[in-house]
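These numbers come from the heavy atoms of this one structure, side chains and all, not from hydrogens, waters or symmetry mates.
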Amino acid sequence: QVQLVESGGGLVQAGGSLRLSCKASGIFSISTMGWYRQAPGKQRELVARIDTFGSTNYADSVKGRFTISRDNAKNTVYLQMNSLKPEDTAVYYCWKFISYWGQGTQVTVSS
């Protein structure tokens, strides 16, 4: 059974940085992984994804500020978040193709 465990969330001031990590465990094959987020009262939305070849795509709202990467040897995907804004405040979820989800980690950006 695949398990995804996120870490690295927290409280940061606007303009600051955070790095999220998601470690996968269980029997699985290397596949596309990504990060989604859900703010209060809003739908869950894609933040960034990375495929097995390292190709990435980002939501327009985070392009140039966030970077997704992966370490296949460690079964871990990362999200480096720079120049954070209050509107980035949300619960961030790790995702693995097709439909595996982590428990979420809270990111709060104060103004």
Side-chain angles (χ1 to χ4, degrees):
Q1 183 176 357
V2 175
Q3 288 186 315
L4 304 176
V5 179
E6 302 105 331
S7 61
L11 173 64
V12 65
Q13 289 187 331
S17 298
L18 284 174
R19 189 192 195 207
L20 305 183
S21 299
C22 171
K23 184 171 179 58
S25 62
I27 300 174
F28 62 94
S29 59
I30 296 174
S31 61
T32 298
M33 296 184 70
W35 292 92
Y36 286 71
R37 67 186 180 187
Q38 187 167 19
K42 295 188 176 181
Q43 289 188 330
R44 191 172 297 189
E45 63 176 3
L46 172 68
V47 176
R49 285 188 300 195
I50 183 167
D51 69 14
T52 57
F53 302 102
S55 295
T56 59
N57 65 289
Y58 297 90
D60 287 343
S61 59
V62 306
K63 283 181 181 177
R65 300 188 297 121
F66 291 11
T67 302
I68 189 170
S69 60
R70 66 191 297 165
D71 185 334
N72 291 334
K74 295 182 178 180
N75 301 325
T76 301
V77 64
Y78 306 96
L79 186 67
Q80 178 66 45
M81 305 185 294
N82 299 329
S83 302
L84 282 161
K85 304 176 181 180
E87 51 263 45
D88 295 317
T89 295
V91 177
Y92 284 69
Y93 296 91
C94 180
W95 167 83
K96 176 174 165 57
F97 183 86
I98 297 174
S99 60
Y100 297 103
W101 294 93
Q103 81 286 353
T105 185
Q106 177 70 46
V107 171
T108 303
V109 184
S110 62
S111 57

As an exercise, state the distance from [atom1] of [X] to [atom2] of [Y], rounded to the nearest 0.5 Å.
{"X": "L79", "Y": "R19", "atom1": "CG", "atom2": "CZ", "value": "10.0 Å"}
{"X": "Q106", "Y": "L11", "atom1": "CD", "atom2": "CG", "value": "9.5 Å"}
{"X": "S110", "Y": "Q13", "atom1": "OG", "atom2": "CD", "value": "5.0 Å"}
{"X": "Q1", "Y": "S25", "atom1": "CD", "atom2": "OG", "value": "9.0 Å"}
{"X": "R44", "Y": "R37", "atom1": "CZ", "atom2": "CZ", "value": "13.0 Å"}
{"X": "T108", "Y": "L84", "atom1": "OG1", "atom2": "CG", "value": "10.5 Å"}

Heavy-atom closest contact ([X] atom, [Y] atom, distance):
{"X": "N82", "Y": "S17", "result": "OD1-OG, 2.9 Å"}
{"X": "T52", "Y": "T32", "result": "CG2-N, 4.2 Å"}
{"X": "S21", "Y": "W35", "result": "O-CH2, 3.6 Å"}
{"X": "A14", "Y": "S111", "result": "CB-CA, 4.4 Å"}
{"X": "V109", "Y": "T89", "result": "N-OG1, 2.9 Å"}
{"X": "C94", "Y": "M33", "result": "SG-CE, 3.9 Å"}

- prompt: Is there a donor-acceptor pair under 3.5 Å between the side chain of E6 and the backbone N or O of Q103?
  reply: yes

- prompt: Remaining members of V91's ILVMFWY cluster at a side-chain heavy-atom cut-off under 4.5 Å?
  reply: Y36, L46, Y93, W95, F97, I98, W101

- prompt: Would Y78 end up clustered with V107 when hydrophobic side chains under 4.5 Å apart are linked, directly or stepwise?
  reply: no

message: Between M81 and L20, does the side chain to side chain contact (heavy atoms under 4.5 Å, CB included) criterion hold? Intermediate values first, please.
response: CA-CA 8 Å; M81 305 185 294; L20 305 183; 3.8 Å; yes

query: Which pairs with one or both residues in residues 46-83 pass disulfide (SG to SG under 2.5 Å), sequence neighbours excluded?
result: none

Which side-chain N or O atoms in residues 64-72 pair as donor and acceptor under 3.5 Å with protein atoms at least two apart or in another chain?
| residue | atom | partner | partner atom | Å |
| --- | --- | --- | --- | --- |
| R65 | NH1 | S83 | O | 3.0 |
| R65 | NH1 | D88 | OD2 | 2.8 |
| R65 | NH2 | S61 | O | 2.9 |
| R65 | NH2 | D88 | OD1 | 3.0 |
| R65 | NH2 | D88 | OD2 | 3.4 |
| R70 | NE | N72 | OD1 | 2.8 |
| R70 | NH1 | S31 | O | 2.9 |
| R70 | NH1 | I50 | O | 3.3 |
| R70 | NH1 | D51 | O | 3.2 |
| R70 | NH2 | S31 | O | 2.9 |
| R70 | NH2 | N72 | OD1 | 3.4 |
| D71 | OD1 | A73 | N | 3.1 |
| D71 | OD1 | K74 | N | 3.3 |

